[in-house]
Colleague: 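Before we start, here is the structure in question, set down as structure tokens.
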Amino acid sequence: MALPSSQLTDSLVKRLAGPSTGKAGLAKDQTEINRIIAEASKGSKFYENEKRKDQDLTQRISRILRIRDEVMKGADLGKIEKHADQLLVELEAERDLSQVIIHCDMDAFFANVELLHDPSLKGKPFAVGGGVISTASYEARAFGVRSGMSGFIAKKLCPGLILLKSHYDWYSEISNQVFDVLKRYDPTLCVAGCDEGYLNITPYLQQHNLTPDVCVQQIRQSVYEATNLTVSAGIAPNKMLAKICSDKNKPDGQYHLPFDSDAILDFMRDLPIRKIPGIGRVNERLLDSVGIKTCGDVYTHRATISLLDKQLGLRFLLRTYLGISSNVVRPYQREERKSIGAERTFSSIGDESLILQKLEDIAEELEKDMQENQWAGRTVTLKFKLDTYQVFTRAKSFPRWVTKKDDLFAAGKELIRPEFPLKIRLIGLRVTKLKDLKAAAASTGIKRFFEPVQLNSSSKKRRLDEPCGNEIIDISSVDDEQALDDEVMPGFHEFEEEETPLSQQDVEDDEPEALFNPPSEPVSRAKPASSTGIKPASKKRPRESSTPSSSILRHPSPIPSDPSNPEDSLASHTCPVCAKILVTNNQDLNAHIDFCLSKGAIREAQVEASARSPVKPTSSKGPSSKRSKPETYPPQTKLNWPKSKK
DNA sequence: GCGGATCAC
DNA sequence: TATGGTGATCCGC
């Protein structure tokens with residue numbers, strides 16, 4: 001039984017353990033649990049796919065480290081750190097401790113709802129979910145059973161595990177009850193999933209002359225009285241911190257982070273970076289590769305991060321280190337929605353007619369959903385997962401609004417046809433470039449004059465269009481020019497809530513998110529040359545990328561010396577790669593850095609390519625498997641963060 | 001606009 | 001022993 005260790009890397013073992021390792025309800029011996037999971041998975045197609053992804057990530061990390069080493073040569077680290085420190089001062093100035101933000105998170109939600117319906121489950125290890133576990137009871141978690149884990153793996157970890165089917169209607173109803181309670185404390189409640197939400201209780205505290213702790217006790221008590229379910233909560237000055245805090249005393253507890261800069265810094269210092277929303281397993285590994293395990297490590301490695309800004313996201317990480325994030329709490333707006341889709345997993349099938357049947361089913365399901373919720377869209381994206389677990393997407397845009405099953409099915413067929421032969425285990429359709437048919441209808445009647453218009457968070461216009469006499473029906477055939485034309489309601493602006501930016505241009509970072517906020521996260525991707533080169537055919541081939549593309553350091557005045565530098569004025573800069581001093585503007589500086597980087601990166605890539613030969617084709621039928629040239633050069637990697645600015 | 005990847009619940 | 005579904009974001013073409 002100890003034989004597996006030979007081929008398994010630590011990273012693969014950890015990856016196989018699932019995305020929610022390190023969550024609450026820790027089990028005793030994680031090592032033993034991971035071994036059992038790896039053992040049970042070994043040899044399966046799922047396992048092979050995870051292995052492939054793990055290897056790709058390993059390569060991506062290698063590229064980043066090579067870039068780092070190259071860039072560090074001759075770099076003036078002292079100067080770079082000084083610049084990072086300057087940025088920290090600027091970010092610190094943005095800190096806002098004036099709002100009391102609460103993150104409420106239901107404890108083992110699905111499992112506890114099941115418990116209400118069947119009290120005999122109390123004290124037993126059970127989990128909700130069929131093939132994949134949604135939620136495990138705390139007793140089951142002690143065995144290592146976690147959400148996202150396959151049911152049969154969970155059974156291996158806990159032979160006595162009771163697996164329950166999901167009852168979404170139950171969860172949904174109770175979920176609404178919970179939110180109704182929370183809204184009494186903050187009508188602008190921001191729902192983040194069916195079992196959690198953010199509140200800004202600042203006004204409530206003032207109106208009722210309460211302290212945050214007492215108020216949150218009352219909130220939790222109110223939820224319990226209404227549902228018989230416990231909820232944990234975090235009290236902090238912003239959403240990110242509140243979310244992290246809600247996990248601190250879970251279950252049935254609350255944690256109040258002091259509203260004090262130094263206390264927050266202390267709190268962040270030893271916090272595992274993985275706890276930050278947006279930093280998942282991949283980003284965790286990437287950051288770990290440069291020595292960052294905790295938020296405090298961000299400061300220690302600020303020079304490295306500065307040099308790898310493009311890959312790691314300097315600004316995001318510095319904000320994280322400081323414990324700064326958005327404190328804007330606002331309900332999800334319908335017009336923020338960007339896509340609607342449906343997908344289904346089934347036992348692998350290769351028969352074309354059967355696959356088309358599945359596609360038709362999905363098209364019908366999606367049409368129903370779009371109809372019920374009044375959405376139309378212009379882009380249809382087909383998604384399919386091979387029996388090897390590799391996922392692909394193919395998209396097509398239309399000049400008109402799509403709403404009907406026939407159109408969805410036709411688009412799907414057109415997109416999948418060139419991919420045959422195929423053996424797939426999942427198929428799905430998603431529609432984007434949405435048009436809100438409810439808004440379209442509303443804009444038609446007189447009532448439009450009484451309803452505030454909401455702008456799309458991003459910036460401009462909102463919908464509400466004029467056309468169509470008065471019915472909502474089938475706009476799919478309306479002339480697009482007209483249908484596409486939106487109209488802005490006069491007199492309403494919509495973007496008010498911003499906090500004042502102080503001197504920084506960047507005001508709010510993340511708030512537009514429906515869920516919490518941060519679309520952030522680092523990581524970077526490497527795309528290319530995956531170890532297994534198979535893939536569906538058609539379309540684009542691997543073209544080679546050649547231009548550098550990036551400039552490390554995205555800020556106007558990144559590392560260079562001068563603190564004051566407008567956007568494009570000339571200034572003296574030290575190239576972090578070759579250490580030359582250049583008098584130029586930022587654009588040219590970046591171009592220069594790209595040049596320096598590409599030289600080193602290409603050289604490294606060549607060395608690596610020659611040292612490595614085979615690209616193993618994992619069977620499977622992808623027609624033209626490319627494999628041609630692995631990477632021309634590395635700049636692929638990068639962590640995407642949130643949209644920090646702009 | 002497209003496709004791959006990551007993330008969260 | 002059968003490893004989910006929905007939605008979003010970001011990057012690099």
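So that the names make sense, note that chain A is the first sequence line, chain B the second, and so on, each numbered from 1.
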Colleague: Rounded to whole angstroms, how far apart are CD1 on A/Ile362 and P on C/dT6?
Modeller: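 Spelled out: CD1 on A/Ile362 to P on C/dT6 is 7 Å.
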Colleague: Ring stacking, A/Phe152 with base of C/dT1, under 5.5 Å and under 30°?
Modeller: no
Colleague: At under 4.0 Å, does any side-chain N or O of A/Ser397 touch on OP1 or OP2 of B/dC2?
Modeller: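 The answer is yes; a side-chain N or O of A/Ser397 sits under 4.0 Å from OP1 or OP2.
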Colleague: Specify the residue among A/Ser134 and A/Ile340 whose closest nucleotide of DNA chain C lies further upstream toward the 5′ end.
Modeller: A/Ser134
Colleague: Of the nucleotides C/dT6, C/dG5, B/dG4, which one has an atom closest to the side chain of A/Leu426?
Modeller: C/dG5
Colleague: What contact category does A/Arg281 fall into here, base, sugar-phosphate, or nothing, at under 4.0 angstrom with non-hydrogen atoms?
Modeller: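 Sugar-phosphate contact only - A/Arg281 comes under 4.0 Å of backbone atoms but never of a base.
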Colleague: Nearest of C/dT3, B/dC7, C/dG4 to any side-chain atom of A/Val282?
Modeller: B/dC7
Colleague: Using a cut-off of less than 4.0 Å, is there contact between a side-chain N or O of A/Arg394 and OP1 or OP2 of B/dG4?
Modeller: yes
Colleague: For A/Arg63 and C/dC11, what is the distance between atoms CZ and P respectively, to the nearest whole Å?
Modeller: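 It works out to 17 Å between those atoms.
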Colleague: Per the atom types in the model, does the base of C/dT3 pair as donor or acceptor with the side chain of A/Ser44 at under 3.5 Å?
Modeller: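 Answer no: no donor N or O sits under 3.5 Å from an acceptor.
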Colleague: Once you apply a heavy-atom cut-off of 4.0 Å, does A/Tyr389 come out as touching a base, just sugar-phosphate, or nothing?
Modeller: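 A/Tyr389: backbone/sugar contact only, no base atoms under 4.0 Å.
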Colleague: Does OP1 or OP2 of C/dG4 have a side-chain N or O of A/Arg344 closer than 4.0 Å?
Modeller: no
Colleague: To the nearest angstrom, how far is A/Arg52 atom CZ from B/dT6 atom P?
Modeller: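 That distance rounds to 9 Å.
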Colleague: B/dC7 and C/dG4: how far apart are their C1' atoms, nearest whole angstrom?
Modeller: 15 Å
Colleague: Just to confirm, is there a sub-4.0 Å distance from OP1 or OP2 of C/dG12 to any side-chain nitrogen or oxygen of A/Lys310?
Modeller: yes
Colleague: If you assign A/Arg15 and A/Asp105 each to the DNA chain B nucleotide with the nearest heavy atom, which residue ends up on the more 5' nucleotide?
Modeller: A/Arg15
Colleague: Pair A/Ser232, A/Asp247 - check side chain to side chain contact (heavy atoms under 4.5 Å, CB included), show working.
Modeller: CA-CA 7 Å; A/Ser232 295; A/Asp247 201 46; over 6 Å; no
Colleague: Just the rounded figure in Å: distance from C1' of B/dG3 to CG of A/Leu429.
Modeller: 16 Å
Colleague: Is A/Ser339 close enough to C/dA8 that one of its side-chain N or O atoms is under 4.0 Å from OP1 or OP2 there?
Modeller: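 Looking at the OP1 and OP2 atoms of C/dA8, one of them is under 4.0 Å from a side-chain N or O of A/Ser339.
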Colleague: Distance check needed: C/dG7 P versus A/Tyr332 OH, whole Å only.
Modeller: 9 Å
Colleague: When you check the phosphate oxygens OP1 and OP2 of B/dG4, does a side-chain N or O of A/Thr393 lie under 4.0 Å from one of them?
Modeller: yes
Colleague: I need the CG-C1' distance between A/Leu415 and B/dC2, as an integer number of Å.
Modeller: 11 Å
Colleague: Looking across every strand, which nucleic acid part, if any, lies under 4.0 Å from A/Ile133 by heavy atom: base, sugar-phosphate, or nothing?
Modeller: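 Contact class for A/Ile133: none.
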Colleague: Going by atom types alone, do A/Asn49 and A/Thr388 pair a side-chain donor with an acceptor below 3.5 Å?
Modeller: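 No - no donor-acceptor pair under 3.5 Å links their side chains.
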Colleague: Less than 4.0 angstrom between a side-chain N/O of A/Lys155 and OP1 or OP2 of C/dT1, yes or no?
Modeller: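 No.
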Colleague: Using side-chain contact (heavy atoms from CB on, under 4.5 Å) as the criterion, list what pairs up with A/Glu414, not counting sequence neighbours.
Modeller: A/Lys396
Colleague: Quick check on A/Glu173: does its CD atom have over 12 non-hydrogen neighbours (other residues, nucleotides or ligands) under 6.0 Å away?
Modeller: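 No, because the 6.0 Å sphere around CD of A/Glu173 holds 12 heavy atoms or fewer from other groups.
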Colleague: For C/dG5, does either OP1 or OP2 sit under 4.0 Å from a side-chain N or O belonging to A/Thr345?
Modeller: yes
Colleague: From the options B/dG1, C/dG4, C/dT6, select the nucleotide whose nearest atom is closest to the side chain of A/Val132.
Modeller: C/dG4
Colleague: Under 4.0 Å, counting only non-hydrogen atoms across every strand here, what does A/Thr381 touch: a base, just sugar-phosphate, or nothing?
Modeller: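 It contacts nothing in the nucleic acid.
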Colleague: Taking the side chain as every heavy atom from C-beta outward, state whether A/Val380 and A/Leu408 have any atom pair closer than 4.5 Å.
Modeller: yes
Colleague: Kindly say if A/Lys243 contacts the phosphate of B/dC9, meaning a side-chain N or O under 4.0 Å from OP1 or OP2.
Modeller: yes
Colleague: Rounded to whole angstrom units, what separation is found between the NZ atom of A/Lys396 and the C1' atom of B/dG1?
Modeller: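 It works out to 12 Å between those atoms.
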Colleague: Whole-Å distance between C/dC11 P and A/Gln311 CD?
Modeller: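 After rounding, the reported distance stands at 12 Å.
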Colleague: Between C/dT6 and A/Arg337, is there an OP1 or OP2 to side-chain N/O distance shorter than 4.0 Å?
Modeller: no
Colleague: Flag yes if more than 12 heavy atoms outside A/Phe346 fall under 6.0 Å of its CZ atom; otherwise flag no.
Modeller: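 Yes, enclosed.
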Colleague: Could you work out, with ring pair (Phe, Tyr, Trp, His ring centres under 6.0 Å) as the rule, every residue matching A/Phe109, not counting sequence neighbours?
Modeller: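 Result, ring pair (Phe, Tyr, Trp, His ring centres under 6.0 Å) vs A/Phe109: none returned.
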